[in-house]
There are 2 protein chains.
Amino acid sequence: MAFSHKSSQDDRNVTNQTESYRGWDMTLVPGMDGRTLEPHHDCPVEVALEALKGRWTTLVLRELMHGDKSYGALSQSLPKLSDKVLTDVLTHLRKCGVVSRTVFRGFPNRTLYRLTATGWEIRPLLIELYRTGLRMRKSC
Amino acid sequence: MAFSHKSSQDDRNVTNQTESYRGWDMTLVPGMDGRTLEPHHDCPVEVALEALKGRWTTLVLRELMHGDKSYGALSQSLPKLSDKVLTDVLTHLRKCGVVSRTVFRGFPNRTLYRLTATGWEIRPLLIELYRTGLRMRKSC
DNA sequence: CGGAATCCTATCGGATACTG
DNA sequence: CAGTATCCGATAGGATTCCG
């Protein structure tokens, strides 16, 4: 076996897999949800990637993982991010159930953004993305 | 602390973090590469996400993680994927150094696609994406 | 068989200006 | 302060047709 990354379950002969191999790698695809023949929003991989979609999304998540922040604080943390796109990102993250918004009325208004419990689920994934990205850069 | 996901290093008071908090979570952001103030291709998180970008990309990767495949075999594995997009995905993955291509001349021609060593680095990430996506669905 | 070329549409991301 | 409204250019993705 040229690569040690495949699970030991795959140590059967796969030389002729093109036509005859019909099994699934249970480590990679543990459930039926991962066996889709086309893109589908219910696929767990897509659920996670959907939340991270967008050029600025992971940066906003990183900021919120350092603590709750107001709209203005987020804007200052990422100065190159325009109001329009910041609003887009926050709306998207709220739709995904990753971020909550609390408005405090007064003069001036304040709005606090914070990760939900679901949002915190993304933390280990972000760490794994960083780790994998580092290793990919090295081997190029 | 409402959430146990933050590293213990963050157990200092972050109630007033909006203005005074200037530290970084070293578990989440272990190096300077993760401290960018704007999107940048060298950021490890973006390197990894760039490779996975595209509606069909993870599905093609899944197929290749079950073994090397020809163009036609990939096309049959994912019948709803058009030639144009399949070519786009494979070109993209080759540019990222994730997939290699070997052409066998003859009648008919054959072309074999296989993951590179860099490509196999993505396997644990895909597993983590699946795991996270599952947990995100449950908490919705 | 394994694509490339062309065309078309939808969504994304950015700039700018304005508002409660 | 915390957005909304409008416009616009750049991609992404899909359908179809053609080629070595």
Side-chain angles (χ1 to χ4, degrees), chain A residues 18-19 36-41 43 46 49-61 63-64 68-96 99-114, chain B residues 18-19 36-41 43 46 49-61 63-64 68-96 99-114:
Chain A
T18 304
E19 290 306 316
T36 53
L37 294 179
E38 59 188 296
H40 190 30
H41 293 311
C43 170
E46 289 186 54
L49 282 177
E50 171 68 18
L52 300 178
K53 189 178 66 178
R55 217 158 93 81
W56 289 87
T57 308
T58 56
L59 293 177
V60 170
L61 283 174
E63 293 307 312
L64 290 174
D68 305 346
K69 293 206 175 189
S70 65
Y71 183 93
L74 283 171
S75 192
Q76 283 178 20
S77 306
L78 301 166
K80 301 281 190 64
L81 175 54
S82 76
D83 280 344
K84 189 267 200 179
V85 176
L86 175 54
T87 303
D88 287 350
V89 171
L90 290 170
T91 301
H92 172 245
L93 289 175
R94 285 208 292 151
K95 278 185 187 164
C96 294
V99 160
S100 71
R101 185 174 82 140
T102 315
V103 179
F104 300 98
R105 294 296 176 193
F107 292 100
N109 283 348
R110 294 223 118 231
T111 309
L112 202 66
Y113 290 92
R114 87 158 51 186
Chain B
T18 304
E19 290 304 316
T36 53
L37 294 179
E38 59 188 296
H40 191 31
H41 292 312
C43 170
E46 289 186 55
L49 282 176
E50 172 67 18
L52 300 178
K53 189 178 66 177
R55 219 158 92 81
W56 290 86
T57 308
T58 56
L59 293 177
V60 171
L61 283 173
E63 293 306 313
L64 290 174
D68 305 346
K69 293 207 176 188
S70 66
Y71 183 93
L74 282 170
S75 192
Q76 283 179 20
S77 305
L78 302 166
K80 301 281 189 67
L81 175 54
S82 75
D83 280 344
K84 189 267 200 179
V85 176
L86 176 53
T87 302
D88 286 352
V89 171
L90 290 170
T91 301
H92 173 245
L93 289 175
R94 284 208 293 151
K95 278 185 187 162
C96 294
V99 160
S100 72
R101 185 174 82 139
T102 314
V103 180
F104 299 98
R105 293 296 174 190
F107 292 100
N109 283 348
R110 294 224 119 231
T111 309
L112 202 66
Y113 290 92
R114 86 158 52 187

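Lettering of chains follows the sequences in order, A, B, ..., and the numbering in each one begins at 1. Just so it is clear, the values below take in all heavy atoms, side chains as well, and ignore hydrogens, waters and symmetry mates.
In this entry the distance linking CG of A:L78 with C1' of C:dG13 reads 15 Å, nearest Å. The distance between atom CG of A:L86 and atom P of D:dA2, rounded to the nearest whole Å, is 10 Å. In this structure, B:R94 places its CZ atom 14 Å from P of C:dG2, rounding to the nearest Å. The interatomic distance linking A:E46 (CD) with D:dG13 (P) rounds to 11 Å, in whole Å. In this structure, the NZ atom of A:K80 is 15 Å from the C1' atom of C:dA15, given to the nearest Å. Rounded to whole angstrom, the span from the CG atom of B:L59 across to the C1' atom of D:dG13 amounts to 14 Å. With rounding to whole Å, B:L93 atom CG is found 13 Å from D:dA12 atom P. Across the protein-nucleic acid pair, B:F107 atom CZ and C:dG3 atom P stand 15 Å apart, rounded to whole Å.
At distances below 3.5 Å, not a single donor-acceptor pair connects side-chain atoms of A:H40 with backbone N or O atoms of A:E46.
The shortest distance between the side-chain N/O atoms of A:R101 and the OP1/OP2 oxygens of D:dA2 is not below 4.0 Å. For the OP1/OP2 pair of D:dA12 and a distance below 4.0 Å, the side-chain nitrogens and oxygens of B:W56 include no atom meeting the criterion.
Using a 4.0 Å heavy-atom distance criterion, B:T111 is classed as a sugar-phosphate-only contact. Residue-level contact check: B:R105 touches neither bases nor backbone, having no heavy atom under 4.0 Å from any strand. Among the heavy atoms of the strands lying under 4.0 Å from A:Y113 are primed sugar atoms or P, OP1, OP2 only; no base atom is included.
Checked against C:dG14, C:dG2, D:dA15, the side chain of B:Y71 finds its nearest nucleotide in C:dG2. You'll find that the side chain of B:D83 is closest to C:dG3, out of D:dT4, C:dG3, C:dG2. Proximity note for B:N109 (side chain, C-beta onward) versus D:dG20, C:dG3, D:dG3: the nearest is D:dG20. The A:K53 side chain lies nearest to C:dC12 when the options are C:dC12, D:dG14, C:dG3. Checking C:dG2, C:dT6, D:dT6 against every side-chain atom of B:R110, the shortest atom distance belongs to C:dG2. Here the nucleotide nearest the side chain of B:R55, chosen from D:dA2, D:dG13, C:dG13, is D:dG13.
Put simply, the side chain of B:K84 and the base of D:dG13 share a donor and an acceptor less than 3.5 Å apart.
Evaluation of the salt bridge (charged side-chain N to carboxylate O under 4.0 Å, His left out) rule for A:K95 yields no partner, not counting sequence neighbours.
To the nearest 0.5 angstrom, A:T111 atom OG1 is 10.5 Å from A:L74 atom CG. The CG atom of A:L93 sits 8.5 Å away from the CG atom of A:L52 when rounded to the nearest 0.5 Å.
The two residues A:L59 and B:E38 have their closest heavy-atom pair at CD1-C, 3.6 Å.
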